[in-house]
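One structure coming up, written as structure tokens, with questions to follow.
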Amino acid sequence: MRVSRFFMPLLRETPAEAQIVSHRYMLRAGLVRQASAGIYSWLPLGHRVLRNIEQIVREEQNRAGAVELLMPTLQSAELWRESGRYDVYGKEMLRIKDRHDRDLLYGPTNEELITDIFRGAVRSYKDLPRILYHIQWKFRDEIRPRFGVMRGREFLMKDSYSFDVDAEGARRAYYKMFVAYLKTFARLGLKSVPMKADAGPIGGELSHEFIVLAETGESQVYCHKDLVDMPVPDNVDFEGDLEPYIRERTSLYAATDEKHDSEAFAKIPADKQLAARGIEVGHIFYFGTKYSKPLNAKVAGPKGDEVLVEMGSYGIGVSRLVGAIIEASHDDAGIIWPESVAPFRIGLISLKADDPKTREVCDGLYQKLTAAGVEVLYDDTDERAGTKFSMFDLIGLPWQIIVGPRGLANGQVEIKNRKTGERQNLSAEAALNMFTSGK
RNA sequence: CGGGGCGUAGCGCAGCCUGGUAGCGCAUCUGGUUUGGGACCAGAGGGCCGCAAGUUCAAAUCUUGCCGCCCCGACCA
């Protein structure tokens, strides 16, 4: 993509409403624009990041054996009356009436709907287990939206729902999602720590929050230090025994403020105690028959008896993750995207767009990199060098290829790593090679 | 929802107290000089001063109501 044709409105100054760093950078780098309180338009750069995150989440769900579908944003109130939550949910739920005066709602979550789909389609225990998920926009009419996309009212969420014939099966599903989450967040360049959590209004017994440590996090969290850098399970057989992975992590103390037990925390060796701020990026629940019972979701069991299905639900805040990643990865100059989610891998910076030699080398690099499937944002505008450097540091692409007459006089272009600040000079061919080989 | 604050050019702000018909910086456009870390000079365009009503000869400024947004708290992926 050429900057001259892209749509990337950058802000030199920080809008007054943005308080935390991720919100400031998201506005300045042209990732989002606020439409109204807690509701955002995703501009091209932000949209690319959102899609990249979504795709990683999807791949890890699929790998764990979950099956994707898509449910609507608007739901009928009837189902919610059936589960008893229509009156319980409170003002967070946006209620709407259609032209026939029927009650609708903009889904804050999808337990009812998925259970309805399930009960209408599944009759036998032989159809179990299943984990279904979708990635869809949700709306929760938060009393006070804040921190940009981190606590919006409208947000993109991946939510999975597991169906099993018994509690033992449900536990296996829970473990699958637990491990899938560890892998997902690691691929997003985040260090996540699962913490014992409150099941909240969704209800249930087994529940963990996945927390990303960040100074500006909303929640106060406490955990054993070893959890932070614990290696993520590799080559996982999701049909095998996952319990060791879970035990490894749940045997060490980790809890959010609400569940914090200061006595248990005090038993951790002093040098291993970690009290920090964190951002909740995922939440998993096992809630048994809480919804299958009122909605009468039953299957025929092996002995011909009817059994209520055991369920769990598993959420990841996809749009929140954009903010969380920035909170965890930035510096004074701007965002530092992990390669896995970066909107482009490389920023190709032409320092002198009207210099024939510079343009020739840039055009060549752009063409060859693009042809090789490398995503490049090519700044072919005639902005001043300093402006371009600042812009590219702000938008945080992992790599910059800097091309100007001065370097070309020695037959060289410069490569800068945004994260480390490391620079190297090499020929254009070598630079091309560096990004196209092994890809 | 309780408490606090703010709505003036695309962004950041001044002007409001003490009414006289709008200004600064950045951005944008034109011309020139510059050109490897957010250049300089000269000029130009851009505003129902959040909306409505009221007071007044006269309202960005005073009064009332409404709307929007932000911050702190209780609540949450």
Euclidean distance, atom OH of residue A/Tyr89 to atom C1' of B/A77 [Å, nearest integer]: 9 Å
B/G38 base stacked by A/Phe389 (centroids within less than 5.5 Å, tilt under 30°): no
More than 12 heavy atoms of other residues, nucleotides or ligands under 6.0 Å from CD of A/Glu248: yes or no? yes
Touch class at under 4.0 angstrom, heavy-atom based, for A/Arg153 against every strand present: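 Result for A/Arg153 = nothing.
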Find the distance A/Glu383:CD to B/A27:P and express it as a whole number of Å. 9 Å
Between C1' of B/C70 and CG of A/Leu27, the distance in whole Å: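 Atom CG in A/Leu27 sits about 13 Å away from atom C1' in B/C70.
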Between A/Lys416 and A/Asp393, does any side-chain N to carboxylate O distance fall below 4.0 Å?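 Judged by the 4.0 Å cut-off on N to carboxylate O distance, A/Lys416 and A/Asp393 do form a salt bridge.
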Who pairs with B/C24 - Watson-Crick or G-U, where each distance is under 3.5 Å: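 The base-pairing partner of B/C24, which may sit in any strand shown, is B/G12.
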Mind telling me whether A/Trp137 and A/Trp42 have parallel, tilted or perpendicular rings, with 30° and 60° as the class edges? tilted
Can you pull out the residues from residues 8-21 of chain A that lie within a 4.0 Å heavy-atom distance of RNA chain B?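 Heavy-atom cutoff 4.0 Å gives A/Arg12, A/Glu13, A/Thr14, A/Pro15, A/Ala16, A/Glu17, A/Gln19.
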Starting the side chain at C-beta, find the nucleotide from B/A77, B/A39, B/C69 nearest to A/Thr387.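 Nucleotide nearest to A/Thr387's side chain: B/A39.
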Return the pairing partner of B/G68 with a 3.5 Å limit on both distances, Watson-Crick or G-U wobble; otherwise return none. B/C6
Just call it for A/Ile402: base, sugar-phosphate, or nothing, with non-hydrogen atoms closer than 4.0 Å on any strand. base
Atom CD of residue position A/Gln220 - does it have more than 12 heavy atoms of other residues, nucleotides or ligands inside 6.0 Å?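 More than 12 within 6.0 Å, yes.
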Counterpart residues, side-chain contact (heavy atoms from CB on, under 4.5 Å), relative to A/Gln136 (two or more places apart):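 Scan of A/Gln136 (side-chain contact (heavy atoms from CB on, under 4.5 Å), adjacent residues dropped) gives A/Leu70, A/Thr73, A/His134, A/Lys138.
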Do NZ/NE/NH1/NH2 and the carboxylate oxygens of A/Glu414 and A/Arg423 come within less than 4.0 Å?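 Looking at A/Arg423 together with A/Glu414, the answer is yes, because their closest N to O distance falls below 4.0 Å.
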Salt bridge or not for A/Glu82 and A/Arg119, using N-O below 4.0 Å?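 Looking at A/Glu82 and A/Arg119, the cut-off is met.
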Using the C1' atom on both, measure B/G2 against B/U63 and round to a whole Å.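 Straight-line distance between the two C1' atoms is 26 Å.
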Whole-Å distance between B/G36 C1' and A/Phe392 CZ?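 Nearest whole value for this atom pair: 15 Å.
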Using a heavy-atom cut-off of under 4.0 Å over every strand shown, decide if A/Gln34 touches base, sugar-phosphate, or nothing.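 Sugar-phosphate contact only - A/Gln34 comes under 4.0 Å of backbone atoms but never of a base.
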Report the base-pairing partner of B/C40 (Watson-Crick or G-U wobble, both distances below 3.5 angstrom), or none.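 Across any shown strand, B/C40 pairs with B/G32.
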The Watson-Crick or G-U wobble partner of B/C75, with both key distances under 3.5 Å, is none
Please report the distance separating the P of B/A22 from the corresponding atom of B/C29, rounded so that it comes out in whole Å. 27 Å
When you match A/Arg406 and A/Glu280 each to their closest nucleotide on RNA chain B, which lands nearer the 5' end?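 Mapping each residue to its closest nucleotide by heavy atoms, the 5'-most match is A/Arg406.
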Gap in Å between the two P atoms, one belonging to B/C11 and one to B/C70, rounded: 14 Å
Can you tell me the distance, in whole Å, between the CD1 atom of A/Ile39 and the C1' atom of B/G68?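 Between C1' of B/G68 and CD1 of A/Ile39: 13 Å.
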Checking all strands, does A/Arg28 fall into the base, sugar-phosphate, or nothing category for heavy-atom contacts under 4.0 angstrom?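 The answer is base, as A/Arg28 lies within the cut-off (heavy atoms under 4.0 Å) of a base atom.
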Could you tell me whether A/Gly90 contacts a base, only the sugar-phosphate backbone, or nothing, with contacts defined as non-hydrogen atoms closer than 4.0 Å?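 Contact class for A/Gly90: none.
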What is the separation between atom OH on A/Tyr40 and atom C1' on B/C69, rounded to the nearest whole Å?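 About 10 Å, once rounded to whole Å.
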Sub-6.0 Å ring centroid separation between A/Phe344 and A/Phe6: yes
Both distances under 3.5 Å, Watson-Crick or G-U wobble: report the partner of B/A59, or none. none
Would you indicate, yes or no, if B/A77 has its OP1 or OP2 atom less than 4.0 angstrom from a side-chain nitrogen or oxygen of A/Arg320?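 For A/Arg320, the contact criterion (side-chain N or O under 4.0 Å from OP1 or OP2 of B/A77) is not met.
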Hey, is A/Lys259 close enough to A/Glu209 for a salt bridge, meaning N to O under 4.0 Å? no
Salt bridge between A/Arg95 and A/Asp141, side-chain N to carboxylate O under 4.0 Å? no
Looking at residues at least two apart in the chain, or sitting in another chain, which of them share a side-chain contact (heavy atoms from CB on, under 4.5 Å) with A/Ala16? none
Grab the CD1-P distance between A/Ile279 and B/A77 for me, whole Å please. 15 Å
If I pick the C1' atom on B/G4 and the same atom on B/A9, what distance separates them, to the nearest angstrom? 29 Å
Tabulate atom names and distances for all N/O pairs under 3.5 angstrom spanning the protein and nucleotides 72-75 of chain B.
unit_1	atom_1	unit_2	atom_2	d
B/C72	OP2	A/Arg144	NH1	3.1
B/C72	OP2	A/Arg144	NH2	2.6
B/C72	N4	A/Arg144	NE	3.4
B/C75	N4	A/Arg146	NH2	3.2

Please work out if A/Gly404 contacts a base, only the sugar-phosphate, or nothing of the nucleic acid, heavy-atom cut-off 4.0 Å. base
Select base, sugar-phosphate, or nothing to describe what A/Asp393 touches, counting heavy atoms under 4.0 Å on all strands. base
Whom does B/U18 pair with, Watson-Crick or G-U wobble, provided both distances fall under 3.5 Å?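 By the stated definition (distances under 3.5 Å), nothing pairs with B/U18.
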My understanding is that only residues two or more places apart in sequence, or in another chain, count here; which of them pass side-chain hydrogen bond (donor to acceptor under 3.5 Å, both in side chains) with A/Tyr25?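 Expected list: none.
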Please give the distance between the P atoms of B/U56 and B/C51 as a whole number of Å. 23 Å
Using the P atom as the point on both nucleotides, what is the distance between B/G3 and B/G45, in whole Å?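 Pairwise P distance, B/G45 against B/G3, rounds to 47 Å.
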Go nucleotide by nucleotide along RNA chain B from the 5' end; which of A/Ala37 and A/Gly282 gets its closest nucleotide reached first?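 Comparing both residues, the 5'-ward one is A/Ala37.
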For B/C26 versus B/C40, give the span between their C1' atoms, rounded off to a whole number of Å.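 Their C1' atoms lie roughly 15 Å apart.
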Ignoring hydrogens and geometry beyond distance, is the side chain of A/Glu414 in donor-acceptor contact with the base of B/G36 at under 3.5 Å? yes
Distance check needed: B/A77 C1' versus A/Met195 CE, whole Å only. 16 Å
For nucleotides B/A42 and B/U34, find the distance between their C1' atoms and express it as a whole number of Å. 15 Å
For a quick test of your reading: what N or O donor-acceptor pairs under 3.5 Å do the side chains of residues 361-368 of chain A make, sequence neighbours left out?
unit_1	atom_1	unit_2	atom_2	d
A/Asp363	OD1	A/Arg2	NH2	3.4
A/Asp363	OD1	A/Tyr378	OH	2.8
A/Tyr366	OH	A/Met1	N	2.8

Looking at every strand, decide which applies to A/Gly152 at a 4.0 Å heavy-atom threshold: base, sugar-phosphate, or nothing. base
